[in-house]
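Contents: one structure, followed by commentary.
Letters go in sequence order (proteins before strands), and every chain restarts at 1. Only this structure's heavy atoms are used, side chains among them; waters, hydrogens and symmetry mates stay out.
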There are 2 protein chains.
Amino acid sequence: MASKSSQSRSRSKGRVTLSDVASMAGVSSMTVSRALNDPERVSEQVRSRVREAVEALGYIPNRAARSLAGQRSYSIAVVIPSVSNAVFSNVIKGIYDVCSARGYEILMGNTYYSVQQESSLIAKFLTHHPDGLIVTGLNMADSARALLQGAGIPVVQLMEVGEAEPIDLNVGISHRDAGAAMARYMLDRGYRRIGVLGAQMDYRAQRRIQGFVNVLADAGRYDEARIVTTSEPSTVHLGGQLLGDLLSAAPDTDAVFCINDDLAYGVIYECQRRHIRIPQQLAVAGFNDLEASACINPSLTSVSTPLYEMGRVAAQMLMRRLDGETIEQPVVDLGFELRARESA
Amino acid sequence: MASKSSQSRSRSKGRVTLSDVASMAGVSSMTVSRALNDPERVSEQVRSRVREAVEALGYIPNRAARSLAGQRSYSIAVVIPSVSNAVFSNVIKGIYDVCSARGYEILMGNTYYSVQQESSLIAKFLTHHPDGLIVTGLNMADSARALLQGAGIPVVQLMEVGEAEPIDLNVGISHRDAGAAMARYMLDRGYRRIGVLGAQMDYRAQRRIQGFVNVLADAGRYDEARIVTTSEPSTVHLGGQLLGDLLSAAPDTDAVFCINDDLAYGVIYECQRRHIRIPQQLAVAGFNDLEASACINPSLTSVSTPLYEMGRVAAQMLMRRLDGETIEQPVVDLGFELRARESA
DNA sequence: AGTTGTTATTTTAGCGCTAACATTTCTGTT
DNA sequence: AACAGAAATGTTAGCGCTAAAATAACAACT
């Protein structure tokens with residue numbers, strides 16, 4: 001049988017296969033398969049003969065064949081806006097640590113914040129028949145939603161909770177509540193002419209602003225002129241620019257909530273250049289509480305979000321589902337913490 | 001044939017397959033395969049009938065079957081130290097953009113800076129029979145090197161060039177030269193008691209320091225007491241700490257080269273707290289020139305490295321190799337640029 | 001020795017797709 | 001009308017593995 005692979009019509013590249021190992025070890029290929037994937041079900045004797053043969057031949061199993069025969073891929077597809085964003089790279093690390101420990105591969109795809117890209121990415125990933133899927137956020141194209149519902153695999157929606165009925169599982173925080181908490185904090189601190197800076201306005205960012213603005217409005221402190229947003233990707237440099245825009249439009253602003261820490265760093269740097277004292281003349285707050293926020297001068301008041309944890313928990317839920325467990329609580333709100341520091 | 005899939009002994013989950021589409025469209029399954037993967041070779045008529053059938057049935061192709069039959073996986077394995085590091089997330093983005101545009105999947109694995117993890121990751125990835133492999137750096141375990149050499153697929157070693165004979169293809173910069181360039185710049189600027197701060201001392205970081213120190217030594221300005229390194233992961237906070245260590249050991253230090261920008265930010269913040277004026281009392285330089293480096297106060301002198309570009313070029317070389325092109329120049333040095341700014 | 005139950009191994013039959021070859025259908029040419 | 005050559009489609013035979021059923025081997029009881 002093994003010799004057949006050298007015949008003219010064969011397409012094989014002469015790779016070492018299971019049956020090569022089998023004939024060397026003097027057992028059937030099924031036994032070799034078991035010896036490798038379920039060693040307890042094979043006698044010690046056979047197990048070691050197989051091990052020797054594998055080493056002698058340099059056998060490398062073929063995942064494609066395994067997936068096809070076993071009807072599962074041992075892979076998890078992850079659909080996020082962008083790898084190069086510090087927020088998501090932390091989330092991915094959480095997912096990765098759990099999945100790789102369990103022998104699952106990660107297929108990662110970037111939507112670049114486009115709902116359309118997201119749909120086509122999901123469609124593409126389904127061709128891999130992943131065992132599970134992790135997507136970002138609760139909002140998605142109807143077509144994508146339908147695909148996921150019909151796929152018959154566990155799906156986790158990540159980053160936010162509470163804004164819509166999840167497709168299946170859901171892990172995140174309430175961005176609306178987080179925005180609101182920050183607004184309340186600022187009002188409590190006595191700030192009254194409060195601005196908001198936003199960039200890369202994805203759904204989560206929008207909801208943070210909504211939550212923030214609603215509280216301001218309830219307190220009679222909402223002023224449209226102080227809301228400055230752009231759809232450009234957010235960068236430190238952009239933070240400085242947006243501050244300039246805000247101060248031109250409303251020079252008497254006494255506090256500013258930045259939709260993420262990067263913008264806030266830019267604001268702090270720009271204030272240093274303009275000799276605006278923080279927080280005396282202008283209070284500044286950020287979002288996500290990246291590592292540098294505790295170190296910058298002045299240290300940055302921010303909302304700490306459990307990024308790594310979200311990834312970890314999402315992956316764990318998926319794993320439990322794949323193990324056949326029923327998940328009693330399909331929606332997990334991991335909460336946030338407002339870290340009050342010098343800047344506000 | 002198609003009806004066979006509903007027989008008792010079948011393991012299929014009742015998925016829609018190529019031959020289901022074929023019988024609906026009234027053609028053979030091979031024709032459907034062609035209509036989907038090589039549309040030019042099929043008449044417009046058949047093509048649209050197939051398209052309709054695919055939509056009507058909700059057909060999702062099976063990559064595992066495709067890989068197995070076609071003897072290629074349309075995937076590229078990428079082995080890097082850590083996704084959650086800004087340096088590598090930029091590199092990955094470059095790889096991702098090229099690969100996904102060409103229909104290739106990325107399998108990403110983190111070594112967490114361990115040579116052992118790297119080896120086992122490579123072994124694991126080879127079971128996917130990826131069409132190509134991208135690994136970080138020129139140093140790796142002999143076993144890993146052997147695996148790669150024997151795998152018969154194109155391999156790109158990424159991030160650094162010039163330190164060893166590459167296995168196959170190689171894209172990066174000379175970290176040694178970059179370190180040396182920074183040392184020369186600092187000496188030219190008149191600094192004489194120059195320190196070095198390093199963390200997460202991977203091979204690249206070590207070589208940057210070697211290049212830097214060699215130049216100092218040649219100029220008679222090397223002082224071991226001013227080299228402060230740790231194997232801890234580098235963070236902004238750690239930068240401040242290491243500066244403290246350096247100044248305790250050598251208080252008269254007049255300039256400091258940080259092995260990456262994160263450490264440099266930490267140094268700048270710590271100097272602000274200690275009221276050390278930059279660059280008058282202490283000059284500071286970083287490495288990688290992250291986006292924030294141009295915005296921080298004082299703006300940070302750093303070595304700009306083409307991170308995204310490295311990823312892009314590596315992936316492109318791989319693609320060209322997979323297209324059967326011969327690559328005339330297997331080693332590509334993308335170079336670096338020293339960005340002189342206020343901090344030094 | 002005969003029956004039963006348990007464990008270890010082999011046999012059989014695909015998983016869903018595509019390479020390679022074979023055949024048919026459609027041009028255009030003389 | 002006859003033919004060659006190109007283009008479109010069909011047929012056959014796996015790719016390398018595992019689920020399920022079948023069998024063999026072994027221990028544990030009557």
Please tabulate, one pair per line, all N/O donor-acceptor pairs under 3.5 Å involving side-chain atoms of residues 49-60 of chain B, not counting sequence neighbours.
| residue | atom | partner | partner atom | Å |
| --- | --- | --- | --- | --- |
| B:Arg49 | NE | B:Ala25 | O | 3.0 |
| B:Arg49 | NH2 | B:Ala25 | O | 3.0 |

Donor-acceptor pairs are to be reported for all side-chain atoms of residues 137-145 of chain A against protein atoms at under 3.5 Å, with residues two or more places apart or in another chain.
| residue | atom | partner | partner atom | Å |
| --- | --- | --- | --- | --- |
| A:Asn139 | OD1 | A:Arg207 | NH2 | 2.4 |
| A:Arg145 | NH2 | A:Glu165 | O | 2.7 |

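Under the rule for a salt bridge (charged side-chain N to carboxylate O under 4.0 Å, His left out), A:Arg34 has no partner lying at least two apart in sequence or in another chain. In terms of the side-chain contact (heavy atoms from CB on, under 4.5 Å) criterion, residue partners of A:Gln117 (sequence neighbours excluded) are, by chain and number, A:Thr111, A:Ser114. Residues satisfying the side-chain hydrogen bond (donor to acceptor under 3.5 Å, both in side chains) test with A:Asp168, not counting sequence neighbours, are A:Arg321. Partners of A:Tyr74 according to the ring-ring contact (aromatic ring centres under 6.0 Å, His included) rule, which considers only residues two or more places apart in sequence or in another chain, are A:Tyr104. Among residues two or more places apart in sequence or in another chain, the side-chain hydrogen bond (donor to acceptor under 3.5 Å, both in side chains) test is passed with A:Glu44 by A:Arg47. B:Ser29 is linked by a side-chain hydrogen bond (donor to acceptor under 3.5 Å, both in side chains) to nothing, counting only residues two or more places apart in sequence or in another chain. A:Asn85 pairs by the side-chain hydrogen bond (donor to acceptor under 3.5 Å, both in side chains) definition with A:Tyr113, not counting sequence neighbours.
Taking every side-chain heavy atom of A:Gln71 into account, C:dC15 is the closest of C:dC15, D:dG14, C:dT11. Which of C:dT18, C:dT10, D:dG10 sits closest to the side chain of B:Val27 comes down to D:dG10.
Contacts of residues 56-63 of chain B with DNA chain C (heavy atom under 4.0 Å): B:Tyr59, B:Pro61, B:Asn62. DNA chain C is contacted by B:Ser33, B:Asn37 of residues 31-46 of chain B, taking any non-hydrogen atom closer than 4.0 Å.
We find that CG of A:Asp20 is positioned 13 Å from C1' of D:dC17, with the value rounded to whole Å. Between B:Leu68 atom CG and D:dG16 atom P the separation is 7 Å, expressed in whole Å. Put simply, CZ on B:Arg49 is 15 Å from P on D:dA8, counting in whole angstrom units. Rounded to whole Å, the distance from CZ on B:Arg72 to P on D:dG16 is 16 Å. The NE2 atom of B:His129 sits 11 Å away from the C1' atom of D:dC15 (whole-angstrom rounding). Rounding to whole angstrom units, CG of residue A:Leu18 and P of C:dT11 are separated by 15 Å. Atom CE in A:Met30 sits about 11 Å away from atom P in C:dT10, given to the nearest Å.
One N or O on the side chain of B:Asp20 and one on the backbone of B:Thr17 form a donor-acceptor pair closer than 3.5 Å. The backbone N or O of A:Ala65 lies less than 3.5 Å from a partner atom in the side chain of A:Asn62, making a donor-acceptor pair.
The residue B:Thr17 sits close only to the backbone: its heavy atoms come under 4.0 Å of sugar-phosphate atoms, none of a base.
Overall, the helix from C:dA1-D:dT30 to C:dT30-D:dA1 carries an axis bend of 40° between its ends, with five pairs at each end and the value rounded to 10°.
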